[in-house]
2 protein chains.
Amino acid sequence: MRRATLTDVADAAQVSLKTASRVINGVATVHPELRDRVLEAASMLAYRPHRGAATMRSGTSDMVGMVIRDMANIFYSRVAAGAADVAGEQECLVITCSSEGVADQEAKLLEAVFAQRPRGLLITPTATPQPLILAEMALGCAVVAIDEPLVGLDVDSVSFDNYGASREALGAALELGRNRFAILSDTDRLATMPPRIQGAKDALAERGLGVLPEMEIRTAHTDEQAHEAIVGLLSLAEPPDAVFCANNISALAAASEVRARGLDVAIVAFDNFPLSHTLPQPVVLVEHDDREMGRAAARLLFERLTDPGRETHHLTMRTQVRRY
Amino acid sequence: MRRATLTDVADAAQVSLKTASRVINGVATVHPELRDRVLEAASMLAYRPHRGAATMRSGTSDMVGMVIRDMANIFYSRVAAGAADVAGEQECLVITCSSEGVADQEAKLLEAVFAQRPRGLLITPTATPQPLILAEMALGCAVVAIDEPLVGLDVDSVSFDNYGASREALGAALELGRNRFAILSDTDRLATMPPRIQGAKDALAERGLGVLPEMEIRTAHTDEQAHEAIVGLLSLAEPPDAVFCANNISALAAASEVRARGLDVAIVAFDNFPLSHTLPQPVVLVEHDDREMGRAAARLLFERLTDPGRETHHLTMRTQVRRY
DNA sequence: CTGTTAGCGCTTTCAA
DNA sequence: TTGAAAGCGCTAACAG
């Protein structure tokens with residue numbers, strides 16, 4: 001059993017290949033009668049267009065590549081969902097890949113994605129294989145960096161005001177009268193981490209407070225690491241009375257452990273998390289709309305496709321500090 | 001600036017097109033010297049293979065389609081992450097789409113996905129446009145249903161023992177001495193819901209208990225609906241002392257509201273959720289490994305590609321009932 | 001081990 | 001408004 005091609009449809013409808021093509025692509029200037037014949041033939045033959053062939057000939061695909069850090073992390077998957085929203089409006093499909101924060105993996109995925117000739121690339125960068133991306137950009141691929149910058153490349157981006165929001169959150173936390181702060185963050189190789197940490201420290205310094213070296217953990221990458229880290233902090237002779245969690249993984253680990261032990265340790269976090277407002281402990285959150293972040297990124301992508309010459313845009317997503 | 005093609009590479013390396021093709025595809029039987037020349041030329045020209053062209057000629061792509069219900073729901077995104085794990089091992093990319101549980105959207109996405117000529121399709125079905133899927137299957141596309149069956153089609157599938165696990169969970173909950181049970185679930189159009197509800201009811205019936213009509217809500221689809229529902233239940237003159245939540249959305253809403261009000265209402269849920277074990281209320285969960293579910297589904301897909309003739313497999317993912 | 005030829009399914013270009 | 005011819009970049013089939 002062979003798959004019907006456009007030629008089959010054209011033959012069945014007794015029109016030329018080109019006319020069939022016009023009908024399938026919704027070109028208006030086709031005689032209604034021919035149009036109906038083509039549509040009927042397509043239906044009879046269960047014709048399915050072959051986008052790959054169209055892409056090859058026309059040079060433009062209907063796909064967008066997306067390389068995110070961790071598909072199983074709700075932050076990134078919400079961003080991906082938002083991007084898919086906008087891509088769908090543009091009749092585009094999204095190839096979603098998870099780099100797991102591994103540079104080699106990211107490079108491999110980028111090669112595979114570019115081999116599909118996507119119209120654009122949305123990426124939460126890990127290691128930024130610059131020449132690869134640069135080459136594609138030169139050939140018309142629109143690239144948008146999400147959450148972190150693509151170091152060394154001048155591309156559109158969406159991100160948070162990591163420094164400012166963290167500083168503001170810590171300011172709010174200080175009103176709770178806490179003074180033994182710990183910081184839980186992922187590795188400094190994530191560009192988002194240092195400004196978040198610095199914002200927190202600067203807010204503390206303003207009140208004459210600091211963070212003891214043993215109270216600052218930068219290895220909260222996985223759930224397990226985050227859990228270990230918070231356990232370590234809470235086991236100190238003089239444990240913290242507040243923890244600033246620079247990512248959602250550490251926030252959840254900290255909230256979980258603090259709650260399980262029934263301690264009065266305030267949680268300050270750069271993300272919302274489920275049940276956050278039901279904790280008896282004070283909670284200060286930097287809230288943000290992750291799905292909208294993905295939407296905004298995708299919008300930037302299609303805008304650049306429309307106007308390749310325009311200067312790069314760097315969007316800062318709105319954040320809101322809230323106390324619970 | 002034109003993109004380098006394999007012909008360009010072959011010319012630059014002074015070999016035939018076919019030899020260049022062999023080298024790029026890692027065919028071993030090429031003289032090392034020619035191989036090196038080709039690789040150097042490819043590198044010099046920043047050659048990037050065009051998978052679409054290869055797909056068209058060879059008839060087999062390196063893509064897998066995935067249509068899930070809601071990318072922004074952590075359950076589905078974990079499943080997607082698992083599927084991507086296995087697809088990656090097979091050098092395949094995954095086109096991930098979110099049907100949002102809307103039949104029309106699902107049909108549209110399926111058409112778009114099939115237009116890419118994927119090797120296979122992973123789907124958490126909503127409305128099942130059977131003829132469309134059947135036609136692709138007849139043409140060699142491997143289809144795996146996840147979480148719900150593809151009604152009327154004999155395809156490989158992975159799912160949970162919805163009835164059994166719910167029944168077991170309620171059994172565990174009954175040991176807590178609760179006797180006013182409410183049920184919170186999504187619409188019955190989700191095939192997973194009725195057996196979960198029935199399992200719960202049967203466990204209750206075994207002890208001579210039932211669920212009052214006003215205690216059974218089947219509209220917990222969105223966060224808002226779930227919240228409304230639990231608020232309604234808790235506002236009853238005689239509110240429940242235990243709630244069975246048939247999906248993760250309602251579990252979170254129920255836990256959140258019960259916790260916020262400081263009520264002693266047990267939460268029984270067909271899913272784990274963050275901070276579940278830190279609640280003062282008794283919690284009984286049907287735990288499952290969502291990522292592994294995605295992996296298993298993808299494995300079934302590639303196994304079928306390898307052996308198209310084998311009989312369909314229906315995997316039941318392991319679940320574990322736990323009390324906190 | 002290497003090369004030649006043909007053609008995948010479609011859109012573009014140009015002519016009628 | 002419609003059609004004929006060419007060719008996108010690659011691989012299959014076969015020949016050398």
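Naming: A, B, ... by sequence-line order, numbering from 1 per chain.
Minimum atom distance to the side chain of A/Val30 is reached by D/dT2, of the listed D/dT2, D/dG3, C/dG3.
Within the structure, side-chain hydrogen bond (donor to acceptor under 3.5 Å, both in side chains) contacts touching residues 299-309 of chain B (residues at least two apart or in different chains) are B/Asp156-B/Arg304, B/Glu292-B/Arg299, B/Glu303-B/Arg310.
Note on ring orientation: taking the six-membered ring where Trp is involved, the planes of B/His288 and B/Phe75 are perpendicular (angle over 60°, cut-offs 30° and 60°).
Residues A/Arg119 and A/Phe302 have side chains in contact (heavy-atom distance under 4.5 Å, counting atoms from C-beta outward). Residues B/Ser98 and B/Arg69 fail the side-chain proximity criterion, which asks for heavy atoms closer than 4.5 Å.
A/Cys141 and A/Pro118 get closest at one heavy-atom pair: SG-O, 4.0 Å.
Atom CD in A/Gln14 sits roughly 11 Å away from atom P in D/dG3 (whole-Å rounding).
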Quick one, give me the B/S/- string for nucleotides 8-16 of chain D, reading 5' to 3', where B means a protein heavy atom under 4.0 Å from the base and S means that only happens at the primed atoms, P, OP1 or OP2.
BBBBBB---
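Between C/dG3 and B/Thr19, a contact under 4.0 Å exists linking OP1 or OP2 to a side-chain N or O.
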